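Remember, it's a predicted structure, so these values are computed and weren't measured experimentally. Below, chain A is the first sequence line, B the second, and so on; all start at residue 1.
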Protein chains: 2
Amino acid sequence: MSGSVRRTTMPSIEIVAKEAGVSTATAGRALGGYGSVSRKSREAVLAAAERLGYRPNSLARSMITGLTHTLGVLVPDIENPFFSRALRGIADAAHERGWEVLLVNTDEDLTLERKALGVLTERRVDGLVVAPTDVADRDALQAVVDAGIPIVLLDRRVPGLDADTVGIDNRVAAKDATERLLALGHRSVALLTGGDEKLRPKLSRPGLRGVERLGATTVGARAAGYRDALVEAGIEPRPELVSAEGFRREDAAAATRRLLALPDPPTAILALDSLLALGVLQALRGLGLRCPVDVSLVAFDDADWAEAISPPLSVVAQPIYELGAEAGRLLLDRVQGSDKRFTHRRLPTRFIERESAAPR
Amino acid sequence: MSGSVRRTTMPSIEIVAKEAGVSTATAGRALGGYGSVSRKSREAVLAAAERLGYRPNSLARSMITGLTHTLGVLVPDIENPFFSRALRGIADAAHERGWEVLLVNTDEDLTLERKALGVLTERRVDGLVVAPTDVADRDALQAVVDAGIPIVLLDRRVPGLDADTVGIDNRVAAKDATERLLALGHRSVALLTGGDEKLRPKLSRPGLRGVERLGATTVGARAAGYRDALVEAGIEPRPELVSAEGFRREDAAAATRRLLALPDPPTAILALDSLLALGVLQALRGLGLRCPVDVSLVAFDDADWAEAISPPLSVVAQPIYELGAEAGRLLLDRVQGSDKRFTHRRLPTRFIERESAAPR
DNA sequence: CACTTGGGTGAGAACGTTCTCAATCTGTGG
DNA sequence: CCACAGATTGAGAACGTTCTCACCCAAGTG
């Protein structure tokens with residue numbers, strides 16, 4: 001392959017055995033803590049190991065036991081605070097039970113995601129936590145499951161996949177947030193989804209079928225919840241108030257400027273993540289408008305800055321760390337042989353009322 | 001070990017060879033792309049592999065090649081935006097050259113860090129990027145290096161360790177930031193370090209030796225730079241203006257309240273990371289003070305919210321992603337056999353002047 | 001004394017690759 | 001037709017563990 005075969009200087013169990021004057025089998029037993037070994041042999045082996053600085057080779061161990069004690073984690077972008085916090089939860093759960101974490105960023109890129117699935121399969125990870133880029137990857141994911149590697153989906157769902165899922169009830173959470181804005185007297189509420197261009201027509205004019213299909217995705221479910229609240233309040237959803245122009249802060253800022261330039265501009269905005277909310281705040285500053293007196297704002301995710309800025313931001317807080325930890329635990333249960341029916345765990349969200357949403 | 005030996009259902013190269021009617025050696029050559037194989041054999045093997053859904057076992061490959069194509073990454077806390085961004089840089093650099101990343105959080109805990117070093121050694125990672133908790137871990141780190149696993153230190157340094165390091169010039173950056181506050185007419189500048197209790201006396205009354213010794217750590221170097229600026233400006237450093245009361249936002253808020261309650265309170269604050277800056281902002285809000293009219297604020301790290309809040313925060317921006325990417329590249333060079341002298345790479349910082357620091 | 005029991009031991013297989021080496025096949029030049 | 005270089009091939013070793021199995025031995029048991 002890549003040329004030079006690197007010879008490590010590390011002593012093998014055979015060397016340790018020789019040094020201790022026993023067979024490799026006995027040395028293995030003493031070091032691995034299985035089988036039965038006399039006190040004398042054990043002490044000789046452990047002393048020899050200590051002397052030589054012996055470190056077991058977990059690759060060889062994995063070859064034979066069939067367990068790598070490694071969990072693969074596939075997320076779009078570890079820089080995203082949502083995923084870095086969730087990863088922390090996953091990693092802690094894994095560590096607690098003696099597992100390590102192999103991390104791959106997918107960049108929301110399907111090709112990359114598939115390649116990563118292949119690589120992690122070749123590495124024989126014991127299981128995978130995946131925040132899939134797209135439901136379109138169902139087959140690739142199912143292939144991994146069929147190969148005997150259990151998967152737990154995080155945040156997003158993929159219909160028809162044999163996997164546990166962990167997330168929140170996005171539709172209900174979004175509906176609740178929207179209702180709170182309506183209750184403050186806002187009749188014209190904008191939605192900033194962060195999805196990409198091609199999503200927008202679907203979001204703004206979804207047939208019933210469309211909503212159902214989109215309901216599978218996080219953004220889609222939240223958009224559906226937003227619609228639910230409007231419809232129940234007897235307000236006709238206005239497509240031009242739904243913006244899906246990109247995930248970056250600048251995209252959100254541009255979208256905000258566009259929204260506020262409308263003939264009948266929104267008096268409140270619901271942003272589907274905290275980065276988008278920053279874009280809104282930035283745009284408001286630029287326009288000389290103030291939050292919440294001119295425009296109310298509510299965002300998903302309780303970012304660390306949400307409470308510290310002026311005005312403190314009202315948010316829909318997800319239990320992100322717990323989401324990750326639960327995914328990790330669920331996965332480890334599977335790895336360790338659980339064959340319960342697949343569960344779809346929904347953890348509760350919490351609306352934190354601060355000062356960015358005010359009566360109209 | 002942990003009980004059940006899991007038998008994977010995945011076909012081995014031997015099965016593929018049988019299916020294709022060739023020897024395992026030939027199948028290996030066709031699949032691995034080494035040696036020479038006739039067109040006919042290759043096609044038969046690839047077809048058989050495709051048919052059986054063959055996936056090479058990279059554990060077996062690593063056993064023989066001595067390369068796991070895995071980089072270990074040891075950081076205090078992946079949730080910290082600094083480390084999650086740096087990790088992104090490391091991961092991208094690794095991916096680009098066909099490596100994967102095994103991640104461990106150390107929680108600033110020396111015991112955990114040592115255990116993690118052991119685990120990663122057993123996993124035979126090809127190299128390690130470490131943001132060490134403490135210089136006290138020198139021996140444990142050196143042992144890993146001696147075992148043949150190269151290390152690159154990120155952000156922090158460990159004197160006397162055979163390793164490359166990547167970071168910024170903390171002393172110069174802190175001095176520059178302090179000078180800018182002094183240039184605005186501030187004579188009473190506080191420093192929020194975020195270090196823990198036992199650090200404070202050293203920071204506030206360092207003998208020359210003290211400063212030198214602390215210069216090895218990130219916080220210490222920045223504190224030294226802060227002092228440098230004061231001394232050069234002919235201002236006597238006041239120990240009570242240096243606060244090291246914890247890393248969390250609440251700690252910073254409490255420290256800020258304490259500072260502002262002093263008889264001769266600071267008119268400007270330098271916060272050593274963005275989370276601490278949030279604490280300051282929160283405390284100011286609570287006290288009914290405004291930034292920058294009542295208190296000026298400058299912080300390290302250009303957090304994503306820094307530009308979006310009011311007032312936009314003036315910051316010392318580190319090239320965090322590049323720091324990580326550079327560490328990754330340096331490490332991969334070592335893994336692939338470079339034996340250049342150890343380098344200590346300092347990437348340039350950039351002061352971004354926004355609106356949180358104003359004339360007194 | 002013969003017979004069982006069970007702790008302790010070592011030889012060698014197994015895991016799934018890549019590597020080494022010698023043997024065979026192919027085509028070319030004389 | 002022969003010699004020879006080079007491509008192609010397969011048997012078997014190697015990597016470092018754990019697992020299987022047969023064996024030895026001391027201590028009871030009848």
*Separation of A:Arg124 atom CZ from C:dG16 atom P, in whole Å?*
8 Å

_Run the side chain to side chain contact (heavy atoms under 4.5 Å, CB included) test on B:Val119 and A:Glu100 for me, step by step, so that the C-alpha distance in whole Å, both residues' side-chain angles and the decisive distance to 0.1 Å come before the verdict._
CA-CA 9 Å; B:Val119 169; A:Glu100 301 298 325; 3.5 Å; yes

*Which residue lies more 5' along DNA chain D, comparing B:Gly21 with B:Ala60 via nearest heavy atoms*: B:Gly21

*Whole angstrom value for the distance that separates P of C:dC15 from CG of A:Leu67*: 16 Å

*For D:dC19, does OP1 or OP2 lie under 4.0 Å from any side-chain N or O of A:Tyr34?*
no

*Taking atom P of D:dG10 as reference, at what distance in whole Å does atom CD of B:Glu14 sit?*
13 Å

*If we only count heavy atoms from C-beta on, is the B:Arg61 to B:Pro56 side-chain gap below 4.5 Å?*
yes

*Considering only side-chain heavy atoms of A:Ile64, which listed nucleotide, C:dG16, C:dA14, C:dG8, is closest?*
C:dA14

*Please list, by residue number, the residues of residues 22-31 of chain B whose heavy atoms come closer than 4.0 Å to an atom of DNA chain D; answer none if no residue qualifies.*
B:Val22, B:Ser23, B:Ala25, B:Thr26, B:Arg29

*Just how far, in rounded Å, is C1' of C:dG16 from CG of B:Leu59?*
9 Å

*Sub-3.5 Å donor-acceptor pair from the side chain of A:Thr70 to the main-chain atoms of A:Val101, do we have one?*
no

*Nearest to the side chain of A:Ser38, which nucleotide is it out of C:dG8, C:dT17, D:dT17?*
C:dG8

*Would you say B:Ser36 reaches D:dT8's phosphate, i.e. side-chain N/O to OP1/OP2 under 4.0 Å?*
yes

*Candidate pair A:Glu113 and A:Thr133, rule side chain to side chain donor-acceptor pair (under 3.5 Å), full reasoning*: CA-CA 8 Å; A:Glu113 181 170 315; A:Thr133 288; 2.8 Å; yes

_Audit row: B:Leu71, B:Val125, side chain to side chain contact (heavy atoms under 4.5 Å, CB included) steps and yes/no_ = CA-CA 6 Å; B:Leu71 259 35; B:Val125 293; over 6 Å; no

*asked:* I'd like to know if the side chain of A:Arg124 and the backbone of A:Thr121 have a donor-acceptor N/O pair within less than 3.5 Å.
replied: yes

_B:Thr165: which of B:His344, B:Arg345, B:Arg346 passes side-chain hydrogen bond (donor to acceptor under 3.5 Å, both in side chains)_ = B:His344

*Those residues of residues 39-57 of chain A lying under 4.0 Å from DNA chain D by at least one heavy atom*: A:Tyr54, A:Arg55, A:Pro56, A:Asn57

